[in-house]
Number of protein chains: 2
Amino acid sequence: MKSNSESMGVGSHRLSSRIRRGDVFSEDCPSRGVLLHATSRWGVLVLVALVEGMHRFSDLRRKITGISEKMLAKTLRDLESDGFVLRVAKPVVPPHVEYSLTPMGLEISGHVAELADWIELNIPKILKARERGR
Amino acid sequence: MKSNSESMGVGSHRLSSRIRRGDVFSEDCPSRGVLLHATSRWGVLVLVALVEGMHRFSDLRRKITGISEKMLAKTLRDLESDGFVLRVAKPVVPPHVEYSLTPMGLEISGHVAELADWIELNIPKILKARERGR
DNA sequence: CGGAATCCAAGATGATACTG
DNA sequence: CAGTATCATCTTGGATTCCG
């Protein structure tokens with residue numbers, strides 16, 4: 001139940017058929033930036049929200065309780081620049097802007113959603129662990 | 001406290017990518033806090049690093065380029081309090097502290113690692129998308 | 001309605017020094 | 001070695017106002 005530690009040692013990559021990870025740990029790796037956006041406080045929630053389809057700005061604002069307009073705008077801009085979110089502004093009055101996931105965005109939010117789901121599912125256990133910790 | 005725990009029911013995990021998610025969007029849901037730790041700038045990297053087994057403080061510091069002592073300490077404390085990281089301090093001089101993942105921590109870092117791997121794998125595509133955006 | 005602009009408070013982060 | 005304490009700085013996030 002804890003044999004993963006000493007049995008393999010720090011240096012012996014046991015990621016046999018897995019990806020050669022390692023670059024994320026380097027501070028100048030561009031992955032860090034993307035990871036930063038995708039796992040940012042609001043980025044996660046926006047991605048998960050958009051899994052269910054297109055949303056308008058105010059839809060997201062309502063759905064993601066507690067987010068401010070500024071942060072929602074910034075988060076959407078970041079995710080858009082990474083190619084995860086598609087922004088479509090219709091030239092009408094009043095403005096009408098639609099946000100949705102790109103194919104790439106759909107892939108990554110799958111992973112993010114799994115993470116979020118796991119946490120929600122395990123919240124009881126986590127909270128219990130926390131109490132024991134104090 | 002909240003009663004969101006049983007509200008969803010652990011057994012009701014039927015829909016593939018569409019389980020009854022929704023609580024994360026609420027700002028007072030404890031999941032938010034955990035998500036915040038697990039996806040924090042350094043939390044992600046620490047979790048991924050520990051997938052490969054036990055590390056000492058200085059191991060992590062060396063491995064995760066750019067992290068400061070303070071942030072590493074804080075990140076480890078957060079992850080420990082969530083029950084993801086196990087801290088074992090041996091009463092010797094000089095100090096010797098070992099950090100490793102708990103069973104729960106191993107699960108969550110699996111998801112986090114998948115996310116990180118996906119990003120590394122798709123970095124070329126992402127960077128290309130970025131350029132087009134500008 | 002969908003933001004951008006501005007001001008401000010709070011927290012995150014970093015560099016350095018210090019200690020058990 | 002594994003931190004903590006301190007101070008300075010940068011970023012986040014929120015509230016408000018304004019505009020097309």
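The chains referred to below are lettered A, B, ... by the order of the sequence lines, with proteins before strands, and numbering in each begins at 1.
Between A:R87 and C:dG3, a side-chain N or O to OP1/OP2 separation shorter than 4.0 Å is present. The phosphate of C:dA12 (OP1 or OP2) has no side-chain N or O of B:R41 nearer than 4.0 angstrom. Between A:S68 and D:dG13, a side-chain N or O to OP1/OP2 separation shorter than 4.0 Å is absent. In this model, the phosphate group of D:dA2 is not approached by any side-chain N or O of B:R62 to a distance below 4.0 Å at OP1 or OP2.
Comparing D:dG3, C:dT13, D:dG20 by their closest approach to the side chain of A:P95 singles out D:dG20. The A:Y99 side chain lies nearest to C:dG3 when the options are C:dG3, C:dT6, D:dG3.
Atom pair A:H55:NE2 and C:dG2:P shows a separation of 13 Å (rounding to whole Å applied). The CZ atom of B:F57 sits 10 Å away from the C1' atom of D:dT4 (whole-angstrom rounding).
A salt bridge links B:R61 with B:E69; the closest basic N to acidic carboxylate O contact falls under 4.0 Å.
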Could you walk me through whether B:L86 and B:L101 pass side chain to side chain contact (heavy atoms under 4.5 Å, CB included), step by step?
-> CA-CA 6 Å; B:L86 182 68; B:L101 293 177; over 6 Å; no

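If B:R61 and B:K74 are placed on DNA chain C by their nearest nucleotide, the residue sitting closer to the 5' end is B:K74.
Across A:L35, A:T39, A:V24, a single residue satisfies side-chain contact (heavy atoms from CB on, under 4.5 Å) together with B:I119, and that is A:L35.
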